[in-house]
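Take a look at the structure below.
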Number of protein chains: 2
Amino acid sequence: MQLIQNISDELILYGIKPSYHRIKIYEYIVNNNIHPTVDTIFKTLSNEIPTLSKTTVYNTLKLFEEQKLIKSVNIEENEIRYDARKNIHGHFKCERCGKIYDFDYNYNDLKYKGLEHFIFNKTDIMIKGICKLCASEN
Amino acid sequence: MQLIQNISDELILYGIKPSYHRIKIYEYIVNNNIHPTVDTIFKTLSNEIPTLSKTTVYNTLKLFEEQKLIKSVNIEENEIRYDARKNIHGHFKCERCGKIYDFDYNYNDLKYKGLEHFIFNKTDIMIKGICKLCASEN
DNA sequence: TGCATAATTGTAATGATTATAAAATAAAAA
DNA sequence: TTTTTATTTTATAATCATTACAATTATGCA
């Protein structure tokens, strides 16, 4: 299947050996752009792969992030979410419905003061508030 | 004492009844601008207040944040840190030494796309990388 | 003083994540 | 194909921050 082939190639490109589980987990994150939690990934894929272990999901996501294939999103207080989008973007969390939105911003205009000679590995803008939909439901 | 008086007044200003524990906890956060964790606050203040309970620290910090007196900083994966600075600023975490730095940025120039009619309650820029000091130690 | 409310405490529960060691699978060598 | 080795996956237990809860203590007011 073409899609699987692409997923597999992308794993290899990032230095990850494409095992069946790894392909399935990455495929899920790419196709479901919902910043899933470990638990969501585990529960959904368990239907397809009954023997799947949660530890495997944890290990795989950690490997993916180390290899810069995906990014963790730390916008929740209690659990980590994952994001496969490669372009620079920020995250908005609605405090009413809980949904997490991606948004673009003009990162080239950002000027940091006091971080000269600091090495940047990861940047994220996190906003919390009420989303448009929830705000219109008052 | 003048300082205590100010702390107490500030709590009242934010709708918080200034009990002894609350004054001590807020005083600690203000005087130690190190984005302390619950555990750090608890252990340090325990020396002065031997009967202090960790639950009280949790409850108090939650109350402070609800009343917008302080902000939680979600830059660590596993634990929450707290910040009493009121001005807008971002956070940089050094992945080598673990230190968290505040930095200023030109937030007036930031333009978000796709968040029209969203209500913002809290904004933070999180950067991870290697700080100047650690970078020079290679 | 006595009562009502708020604040604090100690302990147990929750739940995400990690550690660990065994089992299964894949890859390589003979 | 067999044997050996390395890698991947699994299951279980441990860790640790946070929360729930009920009891206790302190505070404010009639």
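In what follows, chains carry the letters A, B, and so on, assigned in the order in which the sequence lines appear, proteins first and then strands, with residues in each chain numbered from 1.
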Quick test of your reading of the model: are [X] and [Y] salt-bridged, counting only N-O distances below 4.0 Å?
X         : Y         : result
Lys93(A)  : Glu76(A)  : yes
Lys113(A) : Asp102(B) : no
Asp39(B)  : Lys54(B)  : yes

Whole-Å distance separating the [atom1] atom of [X] from the [atom2] atom of [N]:
X        : N       : atom1 : atom2 : result
Glu66(B) : dA7(C)  : CD    : P     : 12 Å
Tyr20(A) : dA27(C) : OH    : C1'   : 21 Å
Ile75(B) : dA17(D) : CD1   : C1'   : 18 Å
Phe42(A) : dG15(C) : CZ    : P     : 16 Å
Lys24(B) : dA7(C)  : NZ    : C1'   : 18 Å
Ile16(B) : dT27(D) : CD1   : P     : 18 Å
Asn59(B) : dA6(C)  : CG    : C1'   : 12 Å
Glu79(A) : dG15(C) : CD    : P     : 11 Å

Can you tell me which nucleotide in [options] comes closest to the side chain of [X]?
X        : options                  : value
Lys62(A) : dT18(C), dT9(D), dT9(C)  : dT18(C)
Thr55(A) : dT9(C), dA16(C), dT20(C) : dT20(C)
Val38(A) : dT8(D), dT8(C), dT17(C)  : dT17(C)

Side-chain donor/acceptor of Ser136(A) to backbone N/O of Leu133(A), under 3.5 Å:
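Yes.
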
Between [X] and [N], is there a contact of a side-chain N or O with OP1 or OP2 at under 4.0 Å?
X        : N       : result
Thr56(B) : dT9(C)  : yes
His21(A) : dT10(D) : yes
Ser19(B) : dT8(C)  : yes
Tyr58(B) : dT19(D) : no

Name the nucleic acid region contacted by Lys54(B), choosing base, sugar-phosphate or nothing; use a 4.0 angstrom heavy-atom cut-off, strictly under.
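Nothing, no nucleic acid heavy atom in range.
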
With a non-hydrogen cut-off below 4.0 angstrom, is Thr37(B) in contact with a base, only sugar-phosphate, or nothing?
nothing

What orientation do Phe120(B) and Phe92(A) show, parallel under 30°, tilted 30 to 60°, or perpendicular over 60°?
tilted

On DNA chain C, compare the nucleotides closest to Ser53(B) and Glu77(B); which residue's is nearer the 5' end?
Ser53(B)

5' precedence on DNA chain D between Arg81(B) and Lys17(B) (nearest-nucleotide basis)
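The residue whose closest nucleotide sits nearer the 5' end is Arg81(B).
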
